[in-house]
Amino acid sequence: MSTAKLSINLDALATNWRNLDALSAGETAAVVKANGYGLDTGRVGQALAKAGARNFFVAVAEEGVALRRALGPDLGISVFSGHMEGDARLLQEFNLTPMLNSVDQMLRHFETLPGHSFGVQLDSGMNRLGMEPAEWAALREIALGQGPVLVMSHLACADDPTHPMNALQLKVFRDMTEGVEVPRSLSATGGILLGPDYHFDLCRPGIGLYGGRPYRDALPVVTLDLPVIQIRDVLPGESVGYGNGWIARRPSRIATVAAGYADGLIRAMGAGINAYAGENACPVVGRVSMDLITIDVTELTEDPEWLSLITPHQTIDHLADAAGTIGYEILTSLGHRFARSYTG
Ligand SMILES: *Cc1c(COP(=O)(O)O)cnc(C)c1O
């Protein structure tokens with residue numbers, strides 16, 4: 001077998017949801033955009049529904065369709081990008097709730113789908129998506145008159161609890177929603193960890209469910225095992241890989257495994273990470289290439305048949321640190337050549 005194995009532990013996912021739910025003051029929803037952070041919207045959605053999640057968020061209407069097919073008719077599915085031109089049929093047919101984020105979207109929604117559920121997305125300072133304070137002040141009464149199911153905003157810096165932006169956005173969100181008798185939502189994973197002031201009626205964790213920072217207590221959800229295709233001896237002074245990126249200083253044994261940057265194991269992570277034979281860390285040496293990675297297994301007493309790149313010893317966040325990115329990007333980049341298996 002020359003295909004790398006990506007294992008997704010749905011029990012760990014469910015436990016992460018339950019633990020975040022226990023931390024949240026109100027309801028805990030689940031964010032499953034980008035195909036469930038790359039792990040399969042349907043599988044992830046079903047596992048979270050079984051754990052107790054009643055409301056789900058996706059980025060765009062098409063993702064909501066896939067999720068609706070997996071979840072059946074009863075659970076709530078909301079769409080962060082709101083009601084885009086041409087979305088009406090999908091929103092209606094699959095009972096999706098758009099989070100309206102502009103005057104244009106609001107007019108479009110009331111015109112094309114009168115009476116259809118919607119929420120409102122407010123911009124409390126991130127300047128990415130949602131109605132700004134002045135816009136909202138002008139529209140607020142009209143919008144509230146149509147009965148939104150949720151009023152939400154999003155924090156820009158919640159992964160850093162010391163950042164003054166958190167309190168600033170909290171204040172702006174409070175000011176914008178004062179007297180609004182509609183459930184309110186401000187926090188994703190980071191906001192849950194900031195404490196109950198940030199929770200309001202509903203929290204929307206994503207990355208913490210999948211085992212990523214800033215939820216440091218998360219159980220790891222994915223493991224990635226790579227098959228060893230070949231092992232060779234390298235003499236001191238010989239080089240390994242493109243650009244002669246690594247030069248042996250001692251007699252070395254080098255294992256070549258079947259995965260590379262085409263599988264989302266981005267080249268920038270390069271040296272500085274390990275592959276694991278059980279508990280034993282073996283350094284990645286030379287450059288990550290498209291389909292192959294080379295690993296120094298000199299210290300092992302036996303030649304390995306498999307080496308693990310994502311394990312509890314080396315999580316998506318460790319890989320992200322080595323590549324100068326974030327766990328979210330590692331997760332959502334994991335490739336489609338992997339043989340995926342789900343436990344739990
Ligand atoms: C992605 C996203 C979330 C989930 O964020 P995490 O950091 O993954 O928990 C919540 N709300 C909005 C608006 C988002 O875009």
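Order of listing sets the numbers, starting from 1, for every ligand and every atom in it. Worth knowing before you read on, the calculation uses all heavy atoms, side chains too, and leaves out hydrogens, waters and symmetry mates.
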Determine whether the aromatic ring centres of residues Phe110 and Phe118 are separated by less than 6.0 angstrom.
yes

Arg43 charged N/C atom sitting above Tyr342 aromatic ring, 6.0 Å / 45°
yes

Protein residues having a heavy atom less than 4.0 Å from any atom of ligand 1:
Val31, Lys33, Tyr37, Phe80, Arg128, Met152, His154, Ala188, Thr189, Arg204, Pro205, Gly206, Ile207, Tyr328

Under the ring pair (Phe, Tyr, Trp, His ring centres under 6.0 Å) test, which residues partner Tyr215, sequence neighbours left out?
none

Show the nearest heavy-atom pair for residues His83 and Gln105, with the distance to one decimal.
N-OE1, 3.1 Å

Group every Ile, Leu, Val, Met, Phe, Trp and Tyr by side-chain heavy-atom contacts under 4.5 Å, then state whether Ile229 and Leu307 land in the same group.
no

Kindly give the heavy-atom pair with the smallest separation between Met152 and Phe80, and that separation in Å.
CE-CE2, 3.7 Å

